[in-house]
Protein chains: 2
Amino acid sequence: MSSEQNDTGRRAATIRDVATMAGVGIATVSRVINGKPVTPDLAERVTRAAERLGYRQDLTASSLRRADRRTHTLGLVLEDAANPFSAALHRAVEDAAAERGMLLLAGSTDEDPVRERGLLKTFTARRVDGLIVVPTGQNYTDLDAARRAGTPVVCVDRRTTAPQVDTVTVDNRVGVRAAVKRLHEAGHRRMAFLGDLRSIWTAEERYAGFVEGLAAVGCVLHPSLVRRGLHGAEAAQEATRELLALTHAPTALVSGQNLLTVGARMALQELRLQHRVALIGFDDLPMAGLLEPGISVIAQDHSAIGREAADLLFDRLDGERGPARHRVLPTRYLARGSGEIPAAQDR
Amino acid sequence: MSSEQNDTGRRAATIRDVATMAGVGIATVSRVINGKPVTPDLAERVTRAAERLGYRQDLTASSLRRADRRTHTLGLVLEDAANPFSAALHRAVEDAAAERGMLLLAGSTDEDPVRERGLLKTFTARRVDGLIVVPTGQNYTDLDAARRAGTPVVCVDRRTTAPQVDTVTVDNRVGVRAAVKRLHEAGHRRMAFLGDLRSIWTAEERYAGFVEGLAAVGCVLHPSLVRRGLHGAEAAQEATRELLALTHAPTALVSGQNLLTVGARMALQELRLQHRVALIGFDDLPMAGLLEPGISVIAQDHSAIGREAADLLFDRLDGERGPARHRVLPTRYLARGSGEIPAAQDR
DNA sequence: CCAAGGGGTGGAAACGTTTCGCAGAACGTA
DNA sequence: TACGTTCTGCGAAACGTTTCCACCCCTTGG
């Protein structure tokens with residue numbers, strides 16, 4: 001605590017302090033800070049004074065006064081920051097934002113519309129320049145309010161009923177349909193489906209893809225083999241146990257979300273059936289290729305999704321006023337073994 | 001675009017608009033917003049007016065003027081938001097922050113001190129109330145500058161040379177030493193070590209633990225079996241391949257970071273040695289238990305780390321002025337199989 | 001009935017910055 | 001030399017809020 005500047009004592013140096021020390025007007029200091037043309041001599045004096053005073057620009061004050069009122073901050077509303085999908089999305093958006101000198105304010109909803117509302121409220125109160133949201137889907141008024149208040153919104157991963165909102169999703173139905181087709185070709189006729197909470201748009205889409213896929217190959221949809229409304233690995237594990245205990249057990253499983261895939265696989269290994277019952281999951285898993293057999297998945301390109309969302313948002317920030325745009329990215333099937341297990345003869 | 005409020009046209013309603021519509025003074029509106037006592041009748045009128053005008057408090061202006069100048073925002077500097085460790089930490093800190101009505105501004109450094117510096121600069125320019133940082137460790141002047149400017153800093157996962165900074169770390173040495181002891185008990189004498197970039201504090205600590213562990217059991221440290229400065233799974237995979245191609249190949253591997261563990265395991269499976277060569281990794285992996293054999297790890301409690309860091313920070317925000325505190329959390333060994341493989345007789 | 005006290009309200013000042021309008025200097029031309 | 005034009009720097013105003021302070025009115029005690 002010797003010659004330090006502001007451990008707790010003196011208040012932080014302001015633009016005015018810099019101006020007086022440099023012997024110039026505050027407007028000049030502002031110009032120097034913002035890189036606007038100024039006589040080299042003065043600029044030099046200002047820089048030195050700022051240096052000596054340990055001056056740090058206050059961006060909150062700056063964006064308050066600025067003509068465009070930009071805060072250079074984006075709000076990111078995730079399902080759960082700890083989930084690999086959210087984490088990858090976070091990183092992709094962060095990189096895109098960094099290119100424009102923007103920072104990310106992030107929060108998790110845990111699929112709770114109340115938390116979603118809270119996050120949207122404080123994000124807009126902090127005057128973020130734009131919002132990228134994985135919507136819980138149970139209430140779109142807040143999204144709409146934000147947009148109407150002038151904050152552009154892009155929804156990611158899920159469509160929303162909110163009007164005028166750009167979205168980035170993947171082609172869930174096509175992905176699942178293709179998976180079902182493959183399973184059928186491998187001889188499977190009794191396929192089960194594990195689905196996430198029904199409030200989640202992707203859960204419904206993927207289920208729809210499952211239904212369509214079965215219809216396309218002329219297979220029956222056994223209601224007893226459909227387990228929806230599952231959330232988290234444990235729920236999926238329990239559901240899988242039950243499915244496999246049925247007299248007419250499924251020979252193949254389709255899982256509609258990454259944690260559910262993990263849960264399903266845990267149940268399979270518990271019953272030592274991982275080599276006999278086929279499994280295809282939606283969304284890739286970090287070490288899926290190291291398992292024996294590897295878990296085949298319908299993969300989505302997280303960074304492409306994040307990048308695309310950011311681009312749509314930046315477009316709006318740059319003044320684009322057209323109608324809502326909906327980008328749909330393709331999925332990719334990754335054959336790793338578990339989806340290539342043929343249907344056993346004797347089942 | 002019919003009766004909407006501010007699609008792009010009218011500027012957002014301010015406290016003054018609310019005041020005139022409600023027929024009260026702006027001070028009263030401010031009081032209502034901040035929940036300070038006010039005559040019920042007036043409060044009612046204000047609330048109604050705010051509702052009708054779609055008024056949203058501007059927190060940037062608010063924190064500018066506020067006596068405590070708090071922005072209710074924390075800055076979180078991570079290595080890589082997409083990494084499971086960072087993601088878990090992010091979530092833990094977010095939850096702790098949410099309890100105090102604070103939000104997180106997060107960014108990734110990718111171990112680049114330049115990016116770290118940039119993040120610290122904009123975070124402090126945005127006047128975050130505090131910083132939680134996983135420091136690259138190559139430069140502490142920015143951390144120190146932030147602290148001196150009055151922003152409390154807590155370093156996580158790694159110690160830092162910056163003075164007066166609280167830290168939360170785990171007991172890396174003890175964790176690795178115990179792992180080495182176990183391997184020794186299983187008969188291993190030739191153990192290899194895979195380490196991350198040497199600029200990373202934890203990488204050095206874990207290596208130190210490895211050295212100490214070997215010494216404790218009276219084992220020789222073979223320099224040819226030590227591979228440090230590896231970053232990412234691929235580097236570890238390549239290094240592991242090379243190690244196993246040695247004439248005197250190791251019978252056990254100790255990996256000092258989660259991605260390195262993945263890379264090592266990939267190499268082992270490629271060579272079909274996952275059942276013959278032991279592997280213990282530092283930091284848990286999502287599906288490590290599903291592999292065959294499961295990957296034994298020295299696990300750290302991510303949420304405890306995040307929570308502890310947040311608590312230390314909040315303490316500072318609440319006025320704690322004491323000297324730097326250093327919390328060291330324990331690790332836990334999770335035996336899953338790969339660490340329990342005995343040394344083969346014939347190697 | 002009056003004076004003192006107190007709670008509640010409103011207008012103005014202030015937070016640190018950017019932007020506006022203006023003044024003064026510098027420069028070129030008549 | 002005088003004048004018009006351009007340019008650069010300066011102080012003041014403004015952004016939306018909180019806080020200070022003065023004021024008013026009502027209550028209460030003498």
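Hydrogens, waters and symmetry mates are skipped; everything else that's a heavy atom, side chains included, is used. Proteins get letters first, then strands, A, B, ... in listed order; numbering begins at 1 in each.
- OP1 or OP2 of C:dT18 has at least one side-chain nitrogen or oxygen of A:S62 nearer than 4.0 Å.
- A donor and an acceptor atom, one from each side chain of A:E94 and B:S108, are located under 3.5 Å apart.
- Close approach of DNA chain D to chain B, defined as any atom under 4.0 Å from a non-hydrogen atom of the protein, starts and stops at D:dG16 to D:dT19.
- In this structure A:R127 satisfies the salt bridge (charged side-chain N to carboxylate O under 4.0 Å, His left out) test together with B:D58, sequence neighbours excluded.
- Across B:A96 and B:F314, no two heavy atoms sit closer than the pair O-CE1, 3.6 Å.
- Toward the 5′ end of DNA chain C lies the nearest nucleotide of B:G23, the other residue of the pair B:G23 and A:I33 mapping further downstream.
- Comparing A:P37 and A:I26 by the nucleotide of DNA chain D whose heavy atom lies nearest to each, the residue mapping closer to the 5' end is A:P37.
- A donor-acceptor pair shorter than 3.5 Å can be found between the side chains of B:S62 and B:R66.
- Atom-to-atom, CD1 of B:I15 to P of C:dG11 comes out at 13 Å; the value is rounded to the nearest Å.
- At whole-Å resolution of the value, CG in B:N34 and P in C:dG8 are 17 Å apart.
- Each of A:S30 and B:T39 was matched to the nucleotide of DNA chain C holding its nearest heavy atom; the match closer to the 5' end belongs to B:T39.
- A:R69 comes within 4.0 angstrom of sugar-phosphate atoms only, judged by non-hydrogen atoms across all strands, and of no base.
- Note on A:L42: only backbone sugar-phosphate atoms sit closer than 4.0 angstrom, heavy atoms only; bases stay farther off.
- Straight-line distance from the NZ atom of A:K36 to the P atom of C:dT18: 8 Å, rounded to whole Å.
- Rounded to a whole Å, the CZ atom of B:R66 is 22 Å from the P atom of C:dA13.
- In terms of position on DNA chain D, the residue among B:A61 and B:A27 whose nearest nucleotide sits closer to the 5' end is B:A61.
- Note on A:A67: only backbone sugar-phosphate atoms sit closer than 4.0 angstrom, heavy atoms only; bases stay farther off.
- Side-chain contact of B:T141 with B:N139: a donor-acceptor pair under 3.5 Å is present, judged by distance alone.
- With respect to the salt-bridge test (charged N to carboxylate O, under 4.0 angstrom), the residues A:E99 and A:R307 qualify.
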Query raised in the report: Between A:I132 and A:V77, does a side-chain contact (heavy atoms from CB on, under 4.5 Å) hold up when you go through it step by step?
Result: CA-CA 6 Å; A:I132 294 184; A:V77 179; over 6 Å; no
